[in-house]
Amino acid sequence: MRVLISMRSKIFALFLLSLSFFPVHAQAFKLSPVTDSALLGTGIALSGADLILDNALKLNRQKYDGEIFDKDDVNPFDRKFMHSYSKSRDRAADFLLAATLATPIVLAKTQKEDLITCGVMYAETLLIANGIKELTKLAVNRTRPYMYYDADTFPEKDVDDGDWANSFPSGHSTMAFSAATFTSYTFCKYFPDSNLRIPVVAGSYAMACGVAALRLSSGNHFMTDVLTGAAIGSAVGFLVPWLHTFNAKNDLNVALRADGISVAVKF
């Protein structure tokens with residue numbers, strides 16, 4: 001809607017202009033056919049490519065030939081944090097990851113239309129994060145830490161299907177930090193004045209860090225694996241919802257013209 005304001009109404013126009021300097025509580029995120037087609041398409045393409053290459057074509061599946069791996073071949077930084085396999089900690093990491101992935105439940109108090117927006121954004125986040133970490137695993141062969149210990153402690157199933165060579169990056173850490181970052185960022189945007197902001201952010205990241213620590217202590221990953229996974233997940237968890245903030249802005253344009261002031265409000 002465009003309204004032409006005469007010179008006699010400049011005071012009113014200047015008042016409108018002043019409003020743009022104050023924060024307006026508008027819709028925090030908004031879906032867009034262009035943005036969401038691109039993000040969903042990217043996520044589906046990445047995760048779909050992994051399903052085809054890994055599960056269908058079984059690309060880069062490494063067979064264990066009984067080799068005894070030497071810890072001295074591991075860089076000094078990662079060597080300090082190596083552990084043998086622990087089944088109990090491995091399972092605990094799975095359960096904690098499931099709980100971390102459920103943290104967006106704190107957004108349930110948003111309006112119905114916002115719930116749909118959150119659902120779409122979260123799906124895009126998980127698809128893209130999953131695709132990136134899985135395709136990276138296919139491209140990079142790295143022996144898991146537990147392979148440097150007694151063969152009697154190896155998880156037999158993982159060794160048989162070739163997962164023993166998929167240490168980099170940590171998939172659990174990637175997904176956990178993507179969920180924690182998504183939850184923290186979107187909650188703070190929807191409820192900027194809430195007293196729960198700090199508990200939500202601290203709780204989400206504490207759970208994600210717990211997942212990473214369990215994957216490290218269970219012998220499944222090196223420190224650089226979980227750090228890389230955390231970086232990938234955090235980046236995706238922030239960027240996906242952040243790209244939706246551009247769609248949510250209502251534009252108020254005030255311009256001086258020769259015959260007056262033009263105010264353009266885009267809804």
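Starting from 1, each residue takes its place in the sequence as its number.
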Looking at [atom1] of [X] and [atom2] of [Y], how far apart are the two atoms once the value is rounded to the nearest 0.5 Å?
X: D54; Y: N166; atom1: CG; atom2: CG; answer: 7.0 Å
X: L46; Y: L51; atom1: CG; atom2: CG; answer: 11.5 Å
X: T125; Y: L39; atom1: OG1; atom2: CG; answer: 8.5 Å
X: D158; Y: Y64; atom1: CG; atom2: OH; answer: 14.0 Å
X: S47; Y: I52; atom1: OG; atom2: CD1; answer: 11.5 Å
X: L59; Y: D50; atom1: CG; atom2: CG; answer: 10.0 Å

Taking the side chain from R197 and the backbone from P192, do they hold a donor-acceptor pair closer than 3.5 Å? yes
With heavy-atom distances below 4.5 Å as the criterion, would you say the side chains of [X] and [Y] are in contact?
X: H172; Y: V226; answer: no
X: S194; Y: F187; answer: yes
X: L101; Y: L126; answer: yes
X: H244; Y: E124; answer: yes
X: L53; Y: L135; answer: yes
X: T174; Y: K137; answer: no
X: F154; Y: Y146; answer: yes
X: M147; Y: E67; answer: no

Side chains of residues 199-212: which donor-acceptor pairs under 3.5 Å do they make with residues two or more places apart or in other chains?
from, atom 1, to, atom 2, distance (Å)
S204, OG, V200, O, 2.8
Y205, OH, T181, OG1, 2.8

In the single-linkage hydrophobic clustering (I, L, V, M, F, W, Y; side-chain heavy atoms under 4.5 Å), do [X] and [Y] co-cluster?
X: F81; Y: Y148; result: no
X: L227; Y: V236; result: no
X: F177; Y: I132; result: no
X: F77; Y: M82; result: no
X: I232; Y: F222; result: no

When the aromatic ring centroids of Y149 and Y85 are compared, is their separation below 6.0 Å? no
Donor-acceptor contacts under 3.5 Å from residues 102-121 side chains, at least two apart:
from, atom 1, to, atom 2, distance (Å)
T103, OG1, T100, O, 2.7
T103, OG1, T183, OG1, 2.9
T110, OG1, L107, O, 2.7
T117, OG1, E113, O, 3.2

Check [X] against [Y] and note the closest heavy-atom contact, atom names and distance.
X: A230; Y: S234; answer: O-OG, 2.8 Å
X: D78; Y: M223; answer: OD1-N, 3.3 Å
X: P241; Y: Y185; answer: CG-CD2, 3.6 Å
X: G229; Y: P169; answer: N-CB, 4.1 Å
X: D163; Y: R144; answer: O-NE, 2.8 Å

[atom1] ([X]) with more than 12 external heavy atoms under 6.0 Å:
X: N195; atom1: CG; value: no
X: R61; atom1: CZ; value: yes
X: R89; atom1: CZ; value: no
X: E156; atom1: CD; value: no

With side chain to side chain contact (heavy atoms under 4.5 Å, CB included) as the criterion, how do F191 and L196 come out once you've worked through the C-alpha distance, each side chain's angles and the decisive distance to 0.1 Å? CA-CA 9 Å; F191 311 107; L196 296 177; over 6 Å; no
If we check side-chain hydrogen bond (donor to acceptor under 3.5 Å, both in side chains) with D225, which of these qualifies: S173, S170, S167? S167
In terms of side-chain geometry, is the basic nitrogen of D90 or R215 positioned less than 4.0 Å from the acidic oxygen of its partner? yes
Would you call the rings of F69 and W164 parallel, tilted or perpendicular if under 30° counts as parallel and over 60° as perpendicular? tilted
T224 and R142: side chain to side chain contact (heavy atoms under 4.5 Å, CB included), yes or no, with the steps? CA-CA 11 Å; T224 48; R142 190 181 197 188; 2.8 Å; yes
Apart from F168 itself, what residues make up its hydrophobic cluster, given side-chain heavy atom links below 4.5 Å? V140
